[in-house]
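A short worksheet on the structure shown next.
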Amino acid sequence: QVELTESGGGSVQAGGSLRLSCKASGYSYCMAWFRESPGKEREGVATIDSDGRATYADSVKGRFTISNDNDYKNWYLQMDALKPEDSAMYYCAAAPQHRVITGSFCHPNFPNEYLDIWGQGTLVTVST
């Protein structure tokens with residue numbers, strides 16, 4: 001079973017930037033970021049598949065960028081122009097490596113039945 005470890009969270013002022021990293025013990029064809037803040041449901045942020053197709057939630061389009069290494073074991077979330085409402089626990093997620101989840105199946109809508117491997121989360125706090 002693939003294990004995921006996030007890093008890069010922290011505290012930043014509004015308008016600032018952070019870069020989150022996810023390190024996987026195995027590869028995945030669909031790599032994702034989700035977030036969850038107190039009192040709110042978990043929501044998708046972005047996904048990227050092995051073909052490089054990236055999909056974003058409307059709330060982060062134009063501000064966040066997802067990317068990955070060519071080994072499909074490391075992926076990142078560059079977060080710019082951060083807003084207080086971006087404060088949340090951020091989780092990376094992945095599809096099992098034996099499942100080729102690409103294209104429209106690799107999406108950030110929650111829940112995505114194919115993304116069943118999760119990290120422990122990294123906290124992002126954006127202050128005014």
Side-chain angles (χ1 to χ4, degrees):
Q1 177 76 328
V2 174
E3 294 184 354
L4 308 180
T5 304
E6 302 95 338
S7 62
S11 298
V12 65
Q13 288 189 324
S17 299
L18 282 173
R19 186 175 189 243
L20 306 183
S21 298
C22 184
K23 183 176 180 62
S25 59
Y27 65 84
S28 176
Y29 292 97
C30 179
M31 298 150 277
W33 289 97
F34 290 79
R35 66 186 181 187
E36 187 172 348
S37 52
K40 295 185 178 180
E41 293 185 351
R42 188 167 296 192
E43 64 172 344
V45 176
T47 53
I48 188 166
D49 68 15
S50 55
D51 295 325
R53 178 179 180 267
T55 307
Y56 297 92
D58 289 342
S59 59
V60 306
K61 281 181 182 177
R63 300 188 299 120
F64 290 11
T65 303
I66 188 171
S67 61
N68 65 280
D69 289 347
N70 289 335
D71 61 3
Y72 309 131
K73 294 181 179 180
N74 297 276
W75 56 102
Y76 312 94
L77 186 68
Q78 177 66 41
M79 305 186 294
D80 299 317
L82 282 160
K83 305 175 181 180
E85 52 264 42
D86 294 319
S87 297
M89 186 70 79
Y90 282 72
Y91 300 90
C92 61
Q97 63 186 46
H98 66 277
R99 304 195 73 174
V100 183
I101 306 301
T102 60
S104 61
F105 296 99
C106 182
H107 62 78
N109 298 325
F110 184 78
N112 182 330
E113 64 181 293
Y114 302 110
L115 299 175
D116 58 4
I117 302 172
W118 292 82
Q120 295 300 306
T122 185
L123 184 63
V124 171
T125 303
V126 184
S127 59
T128 55

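Judged by distance alone, with hydrogens and angles left aside, the side-chain atoms of Y72 form no donor-acceptor pair with the main-chain N or O of Q97 at under 3.5 Å. With hydrogens and angles disregarded, no donor-acceptor distance shorter than 3.5 Å links the side chain of S87 to the backbone of T125.
Sorted by first and then second residue, the salt bridge (charged side-chain N to carboxylate O under 4.0 Å, His left out) pairs involving residues 3-26 (not counting sequence neighbours) form an empty list. The salt bridge (charged side-chain N to carboxylate O under 4.0 Å, His left out) analysis of residues 59-77, with sequence neighbours excluded, yields the pairs D58-K61, R63-D86. Listed by first then second residue, pairs satisfying ring-ring contact (aromatic ring centres under 6.0 Å, His included) with a partner in residues 100-120 read F34-F110, F34-W118, F105-Y114, not counting sequence neighbours. Among pairs with a residue in residues 98-121, none fulfils salt bridge (charged side-chain N to carboxylate O under 4.0 Å, His left out), at least two apart in sequence or across chains.
We find the CG-SG distance between L77 and C22 to be 10.5 Å, quoted to the nearest 0.5 Å. Between Q1 atom CD and S25 atom OG the span is 8.0 Å, to the nearest 0.5 Å. In this structure, Q78 CD and I66 CD1 are separated by 12.0 Å, a value rounded to the nearest 0.5 Å. Rounding to the nearest 0.5 Å gives a distance of 8.5 Å between CG of N68 and OG of S50. Taking OG of S67 as the reference point, atom CG of N74 lies at 10.0 Å (rounded to 0.5 Å).
Cation-pi geometry between R42 and Y91 is met: the NZ or CZ atom falls under 6.0 Å from the ring centre, inside 45° of the normal.
Smallest separation of non-hydrogen atoms from A88 and E36: CB-O, 3.5 Å. The shortest non-hydrogen separation linking L115 to A32 is CD1-CB, 3.7 Å. Smallest separation of non-hydrogen atoms from E43 and R35: OE2-NE, 2.6 Å. Considering every non-hydrogen atom in both A46 and P108, the closest pair reads N-CB, 3.9 Å.
Heavy-atom contacts from other residues, nucleotides or ligands closer than 6.0 Å to CG of N109 number more than 12. Other residues, nucleotides and ligands contribute only 12 or fewer heavy atoms inside 6.0 Å of the CD atom of Q13.
Applying the side chain to side chain contact (heavy atoms under 4.5 Å, CB included) rule to S21 yields the partners S7, Y76; only residues at least two apart in sequence or on another chain are considered. Residues forming a ring pair (Phe, Tyr, Trp, His ring centres under 6.0 Å) with Y29 (at least two apart in sequence, or on another chain): Y27.
Both W75 and Y90 sit in one connected hydrophobic cluster of ILVMFWY residues. Membership requires side-chain heavy atoms under 4.5 Å apart, directly or through other members. Follow the hydrophobic side-chain contacts under 4.5 Å out from I101 and you never reach L4; the two are in separate clusters. Hydrophobic clustering (side-chain heavy atoms under 4.5 Å, transitive across Ile, Leu, Val, Met, Phe, Trp, Tyr) groups V2 together with M31. Hydrophobic clustering of Ile, Leu, Val, Met, Phe, Trp and Tyr side chains at less than 4.5 Å, counting indirect connections, keeps M89 apart from V45.
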I would like to know whether T47 and Y56 meet side chain to side chain contact (heavy atoms under 4.5 Å, CB included); could you show each step before the answer? CA-CA 7 Å; T47 53; Y56 297 92; over 6 Å; no
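Residues L18 and V124 are in side-chain contact: their nearest non-hydrogen atoms beyond the backbone lie under 4.5 Å apart. In this structure, W33 and F64 have side chains that are not in contact, with every pair of non-hydrogen atoms separated by 4.5 Å or more. Between M79 and S17 the shortest side-chain heavy-atom distance does not fall below 4.5 Å.
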